[in-house]
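Chain letters run A, B, ... following the sequence lines, proteins first and then strands; every chain starts at 1.
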There are 2 protein chains.
Amino acid sequence: MGERGETEATGRVTIRDVAARAGVSVATVSRVLAGNYPTSAASRAKVLRAAKDLDYVANAHARALAGAGRKTIAVLLLDVVSSYYAAVAQGVEKEAAQHDRLTLVASTGADPARELALVQMMREQTAEAVVLVGGVVEDAAYRERMAQYAQSLAAAGSRLVLCGRPAPAPDVPAVVVEYDNEAGAHAVTSHLLGAGHRKIAMIGYQPGNTTGEDRVRGYLRALADHGVPRSDAVLHGVGFGQHNGDRAMRDLLDRCDGKPEFTAVFAGDDRVALAAVKVLHAYGLRVPEDISVVGYNDDPVAADMTPGLTTVHIPGEELGRTAVRLALGDTGRSQQRRQLLGTHIVIRDSVRPVTP
Amino acid sequence: MGERGETEATGRVTIRDVAARAGVSVATVSRVLAGNYPTSAASRAKVLRAAKDLDYVANAHARALAGAGRKTIAVLLLDVVSSYYAAVAQGVEKEAAQHDRLTLVASTGADPARELALVQMMREQTAEAVVLVGGVVEDAAYRERMAQYAQSLAAAGSRLVLCGRPAPAPDVPAVVVEYDNEAGAHAVTSHLLGAGHRKIAMIGYQPGNTTGEDRVRGYLRALADHGVPRSDAVLHGVGFGQHNGDRAMRDLLDRCDGKPEFTAVFAGDDRVALAAVKVLHAYGLRVPEDISVVGYNDDPVAADMTPGLTTVHIPGEELGRTAVRLALGDTGRSQQRRQLLGTHIVIRDSVRPVTP
DNA sequence: CTGAAAGCGCTTACAG
DNA sequence: CTGAAAGCGCTTACAG
């Protein structure tokens, strides 16, 4: 400000400008600014003064090329606004910031081609790690894709982090952070069973999607554990989300002319649960007086809706934090590392004991 | 894969490796990969083949240093999960992606020092634009800070974008994208007035914060327009958010022993509205039968809660998109550019005409 | 403690 | 159409 540097006329001011104004070499400027090398108090003062006068900031690209500077973490999600993804993104960003990393976000829109393109871009950026978030359909194509990502990232000194996604083969050099999806489903179903419910409908999950499948597995296991015959299970998953929840709930109610045999509904996620409650009301059924409802995710809506929804909490932000923590861990070995985070049930007001 | 390159033994494969394998010069590799220069079909084929064999991706830092490559947009928000910020972030990311830009996110936690540090980092990254999101207390310090950001960013060929924030002095080289905050408040208050409400309590905004002040202004103007004396206005803003909404609503109700004179509540944001409805219920007051309630933001909770909340829609994602669109516009002039986005009222079920 | 110089991996005039 | 070379802005051995 105020004083005008010789070279700052146009464009950026570089380390050369600072050196000139301070009357020292470029090397010295670099060293005092990095502060990782002995420098005399005199040059230190001159350099700092000059840098401030010129409002100098180093060029991160040049720094990176020279093998130094701040690193970057990339997070690739289906979208940015959904509460689960937003929570993971926030965890990634916060943990990254704590380790003095910057974070790059991009949304894939569930498009594998886009995902691949983004992984390549992140390789170009020499991201220190790229974390992939979100459930998927786990098929051979998926596994192969992940193996390739992991390989090419590793070759560039970066690493792949799978967050809430199934791990590829054990020899694939990836970091995996998951949450205990099945246990949560088991717990919340058991909660219903413990309240005396026997006939529990499970709706609102996407068949084939690993997240949905794991929840179904937990539900079925809980039923079995409580001696409910498999034939009493009612499964109707047409997809996640509010729209699908609405549809699934209506299907079930229409099938029985609005007089269901089930006394409780386990919704694949909280938005499905919200839709289910609304449909139930529309059919003249009260929640929880007539029908109990539980969800999954502990989305903000669960606490906001009426009645408050009993659901399973997923540690979204913690998943993100753990993802970068693990990614930043010893870069030495290239073997796979995994971590499983716990889930727990959050009890609110949408479940009532069945009265015989 | 498969075949092993000569130099790829350790670390990254560079353009030099590709050139060697293809039997051409580094310059030629650069040109065919960039595709912005005439090259023979023969070399093109060889280069592409070699690049593929070696799984080559260019180093973005080297590219950037050489004055080419993909640009980056930075977005700085209070936090990542709040629905408004998440919506803006999503808009920024999507629009940036459409223009082949990458997006860097960081949260400031409402800390000016952190904000400043982030702006510097983004300067280092040579971000093409840095978008600052969120309401603020507009004082001299704020204006000066923004002027400095704008200045130093401009000096580096980047630009400052203020999103949903007051513009600094007109000569400051910034881009400003706002939404019509006051008009929205005016509209929703008028909606209440049109339904016969005269005594309308406004709660849940933060005094001093520009966002809150603008909403109060719209409320007051609507009252005046409808001939309601200023003395009938009841203003009780102790802050945004659910917690403050709960507190404000209780305050008001306690003051009158649960028998309010007001027949309607205008909440400063939707989470405040949610809290207000819950408190009202707790006091035995029905919404909208006894008291009408409106909010602001059109947060997801507005559609989810019961009753559905009549509120003002803010075009969050569109704000983000517009921010980058404007930032990417002609880089020529360094004067300020502004855009005001509209808001509109969303009518749901939380308002009822007053019956005399 | 400090400077000159090489080098990071690209791109782009400049010749040919 | 193609190559040799300079240059982008730093950092870091290497001498001193």
Side-chain angles (χ1 to χ4, degrees), chain A residues 5 7-8 10-48 50-51 54-71 121 123-126 155-157, chain B residues 5 7-8 10-48 50-51 54-71 121 123-126 155-157:
Chain A
T7 327
E8 66 167 315
T10 312
R12 263 188 108 90
V13 9
T14 75
I15 197 176
R16 183 169 255 96
D17 301 318
V18 177
R21 172 178 265 255
V24 299
S25 74
V26 158
T28 296
V29 174
S30 175
R31 294 198 262 250
V32 347
L33 260 22
N36 56 2
Y37 221 78
T39 43
S40 73
S43 10
R44 159 167 292 270
K46 285 186 293 182
V47 167
L48 259 21
L54 299 176
D55 193 22
Y56 170 76
V57 295
N59 181 319
H61 298 303
R63 267 227 249 264
L65 235 206
R70 185 171 282 113
K71 295 303 201 346
M121 287 185 213
R123 273 212 295 154
E124 297 182 355
Q125 303 294 322
T126 59
Chain B
T7 327
E8 66 167 314
T10 313
R12 263 189 107 90
V13 8
T14 74
I15 197 176
R16 180 169 258 96
D17 301 318
V18 177
R21 173 179 266 253
V24 299
S25 75
V26 159
T28 296
V29 173
S30 175
R31 294 198 262 249
V32 346
L33 260 23
N36 54 4
Y37 221 76
T39 43
S40 73
S43 10
R44 158 167 294 268
K46 285 186 293 184
V47 167
L48 259 20
L54 299 176
D55 194 23
Y56 170 77
V57 295
N59 180 319
H61 298 304
R63 265 229 249 265
L65 234 206
R70 186 171 281 113
K71 296 304 202 342
M121 287 184 213
R123 273 212 295 155
E124 297 182 357
Q125 302 295 322
T126 61

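- Residues satisfying the side-chain hydrogen bond (donor to acceptor under 3.5 Å, both in side chains) test with Thr39(B), not counting sequence neighbours, are none.
- Think of the region where chain B sits on DNA chain D: with heavy atoms and a 4.0 Å cut, that region ends 5' and 3' at dC1(D) to dG9(D).
- Minimum heavy-atom separation, Arg63(A) to Gly69(A): CD-CA, 3.8 Å.
- dC10(C) and dC14(C) have their P atoms separated by 24 Å, with the value rounded to a whole Å.
- Closest non-hydrogen pair, Val18(B) versus Ala50(B), comes out as O-CB, 3.8 Å.
- The separation of dA5(C) from dC1(C), taken at their P atoms, amounts to 23 Å, rounded to a whole angstrom.
- Using a 4.5 Å cut-off on side-chain heavy atoms (C-beta onward), Arg12(A) and Val57(A) make contact.
- Heavy atoms of Thr28(B) sit under 4.0 angstrom from primed sugar atoms or phosphate atoms, though from no base atom.
- When every heavy atom of Gly23(B) is checked against every heavy atom of Lys46(B), the shortest pair comes out as O-NZ, 4.5 Å.
- Contacts of Ala27(B) classified as side-chain contact (heavy atoms from CB on, under 4.5 Å), with partners at least two apart in sequence or in another chain: Ser25(B), Arg31(B).
- A heavy atom closer than 4.0 Å to some atom of DNA chain D occurs in Leu65(B), Ala66(B), these being the qualifying members of residues 62-71 of chain B.
- Of all heavy-atom pairs spanning Tyr56(A) and Thr14(A), the tightest one is CE1-C, 3.5 Å.
- Thr28(A) and Ser43(A) get closest at one heavy-atom pair: CG2-CB, 4.0 Å.
- Partners of Arg70(A) by side-chain hydrogen bond (donor to acceptor under 3.5 Å, both in side chains), not counting sequence neighbours, listed by chain and number: Asp100(A), Glu124(B).
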Problem - Pairing pattern in dot-bracket form [Watson-Crick, G-U; both distances under 3.5 Å; | = partner strand] for DNA chain C - result: |||.||||||||.|||
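- In this structure, Val29(A) and Ile15(A) approach most closely via the heavy-atom pair CG1-CG1, 3.4 Å.
- Note on Ser40(A): only backbone sugar-phosphate atoms sit closer than 4.0 angstrom, heavy atoms only; bases stay farther off.
- Between the side chain of His61(A) and the main chain of Gln125(B), a donor-acceptor pair closer than 3.5 Å is present.
- Nearest-nucleotide mapping onto DNA chain D: of Ala27(A) and Arg44(B), the residue sitting toward the 5' end is Arg44(B).
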